[in-house]
Peer 1: 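Could you have a look at this structure, given as structure tokens, before my questions?
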Amino acid sequence: MTIKEAQNIVGEWIQTVGVRYFSELTNMAILSEEVGEVARIIARRYGEQSEKESDKNKDLGDEMADVLFVLICLANQTGVDLTEALKRNLEKKSIRDAERHKNNPKLK
């Protein structure tokens, strides 16, 4: 599925199942909550924090998909074409960071 297709699918899902988009502010709060759930799994599964028994069955991919879903909702609501935005962002990073990471001794 392309990013554009994902934006269309989420838009259709919202209209048929979700009734309507939550407000942009509500979706921003939900996005923060979903990112926090991803952070919790990463911190406990891959970081130093102990993983609770109740967290061991959490699906990291599903939580990441929740983040992506809400991000797509916000993009649709605000008229952002994520395909074009990502292309522009990668071009910017490629110019700005062309030598930056190659010269970082921490990455060697």
Side-chain angles (χ1 to χ4, degrees):
M1 154 182 347
T2 66
I3 296 171
K4 186 65 170 169
E5 288 169 336
Q7 283 193 254
N8 290 336
I9 290 167
V10 168
E12 176 140 344
W13 186 93
I14 291 294
Q15 292 174 1
T16 58
V17 178
V19 180
R20 67 169 178 80
Y21 286 104
F22 296 131
S23 74
E24 293 85 351
L25 289 174
T26 298
N27 273 337
M28 187 63 232
I30 293 169
L31 179 61
S32 298
E33 179 183 353
E34 296 298 350
V35 168
E37 291 176 19
V38 169
R40 178 184 176 118
I41 293 171
I42 296 285
R44 293 183 175 178
R45 197 164 292 164
Y46 303 101
E48 284 76 35
Q49 212 174 16
S50 299
E51 190 169 25
K52 292 181 179 178
E53 198 60 41
S54 60
D55 289 338
K56 289 185 178 176
N57 293 325
K58 301 261 179 173
D59 183 341
L60 179 58
D62 187 56
E63 297 302 336
M64 288 179 171
D66 285 342
V67 169
L68 184 58
F69 181 89
V70 180
L71 183 64
I72 289 171
C73 286
L74 282 166
N76 287 352
Q77 289 176 275
T78 58
V80 172
D81 179 333
L82 284 172
T83 300
E84 290 305 313
L86 183 58
K87 284 180 188 175
R88 286 191 311 273
N89 187 269
L90 287 170
E91 288 170 7
K92 175 187 75 176
K93 283 175 171 45
S94 294
I95 293 167
R96 181 190 68 200
D97 300 332
E99 297 297 320
R100 177 176 166 217
H101 299 297
K102 291 177 188 174
N103 297 324
N104 182 346
K106 297 178 196 173
L107 299 177
K108 303 226 180 219

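We use all heavy atoms of the structure for the numbers below, so side chains are in, but hydrogens, waters and symmetry mates are not. The structure displayed is predicted, hence computed values, not measured ones.
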Peer 1: Is it true that R88 and E91 make a salt bridge, defined as a side-chain N closer than 4.0 Å to a carboxylate O?
Peer 2: no

Peer 1: Check whether M28 and V38 end up in the same hydrophobic cluster, where Ile, Leu, Val, Met, Phe, Trp and Tyr are linked by side-chain heavy atoms less than 4.5 Å apart.
Peer 2: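 The answer is yes; both residues are in one hydrophobic cluster.
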
Peer 1: Using 0.5 Å steps for rounding, measure from the OG1 atom of T2 to the CD1 atom of I9.
Peer 2: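 The distance works out to 8.0 Å.
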
Peer 1: Under 3.5 Å, side-chain donor or acceptor atoms of residues 57-70 against the rest of the protein: list the pairs with distances, not counting sequence neighbours.
Peer 2:
| residue | atom | partner | partner atom | Å |
| --- | --- | --- | --- | --- |
| D59 | OD1 | G61 | N | 2.9 |
| D59 | OD1 | D62 | N | 3.1 |

Peer 1: Going only through I, L, V, M, F, W and Y residues with side-chain contacts under 4.5 Å, is there a path from I14 to V17?
Peer 2: yes

Peer 1: If you look at every heavy atom in T83 and K4, which pair is closest and at what distance?
Peer 2: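 The answer is OG1-N, 3.5 Å.
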
Peer 1: Would you name the heavy atoms of N27 and Y21 that are closest together and state the gap between them?
Peer 2: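 That closest heavy-atom pairing would be ND2-CD2, 4.5 Å.
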
Peer 1: Does E12 reach the side chain of N8, with side-chain heavy atoms less than 4.5 Å apart?
Peer 2: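 E12 does not reach N8 side chain to side chain.
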
Peer 1: Does Q7 offer a backbone N or O that forms a donor-acceptor pair with the side chain of N76 under 3.5 Å?
Peer 2: yes

Peer 1: If I take atom CG from residue L86 and atom CD1 from residue I3, how far apart are they, to the nearest 0.5 angstrom?
Peer 2: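 Here the rounded value is 5.0 Å.
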
Peer 1: Quick one: OG on S50 to CZ on R45, what's the gap to the nearest 0.5 Å?
Peer 2: 13.5 Å

Peer 1: Quick one: salt bridge (Lys or Arg N to Asp or Glu O under 4.0 Å) partners of K106, sequence neighbours excluded?
Peer 2: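 K106: no salt bridge (Lys or Arg N to Asp or Glu O under 4.0 Å) contacts found.
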
Peer 1: One pair to check against side-chain contact (heavy atoms from CB on, under 4.5 Å): K52 and R40. What are the steps and the verdict?
Peer 2: CA-CA 10 Å; K52 292 181 179 178; R40 178 184 176 118; 3.7 Å; yes

Peer 1: Has K108 got a side-chain atom pairing as donor or acceptor with K102's backbone, closer than 3.5 angstrom?
Peer 2: yes

Peer 1: Nearest heavy-atom pair of V10 and C73: which atoms, and what distance?
Peer 2: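 V10 and C73 have their closest heavy atoms at CG1-SG, 3.7 Å.
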
Peer 1: Just by distance, do the side chain of N103 and the backbone of E99 share a donor-acceptor pair under 3.5 Å?
Peer 2: yes

Peer 1: Please check if the number of heavy atoms outside E24 that lie under 6.0 Å from its CD is greater than 12.
Peer 2: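 Count over threshold, so yes.
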
Peer 1: In Å and rounded to the nearest 0.5 Å, what is the CG to CD1 distance from L25 to I30?
Peer 2: 11.0 Å

Peer 1: I need the minimum non-hydrogen distance between Q77 and F22, along with the two atoms involved.
Peer 2: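 Looks like NE2-O, 2.6 Å.
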
Peer 1: Hey, is K56 close enough to E51 for a salt bridge, meaning N to O under 4.0 Å?
Peer 2: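 Looking at K56 and E51, the cut-off is not met.
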
Peer 1: Say whether L82 and L90 are linked into one hydrophobic cluster, either directly or through other cluster members, by side-chain heavy-atom distances under 4.5 angstrom.
Peer 2: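 As far as the 4.5 Å side-chain criterion goes, L90 and L82 are connected within one cluster.
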
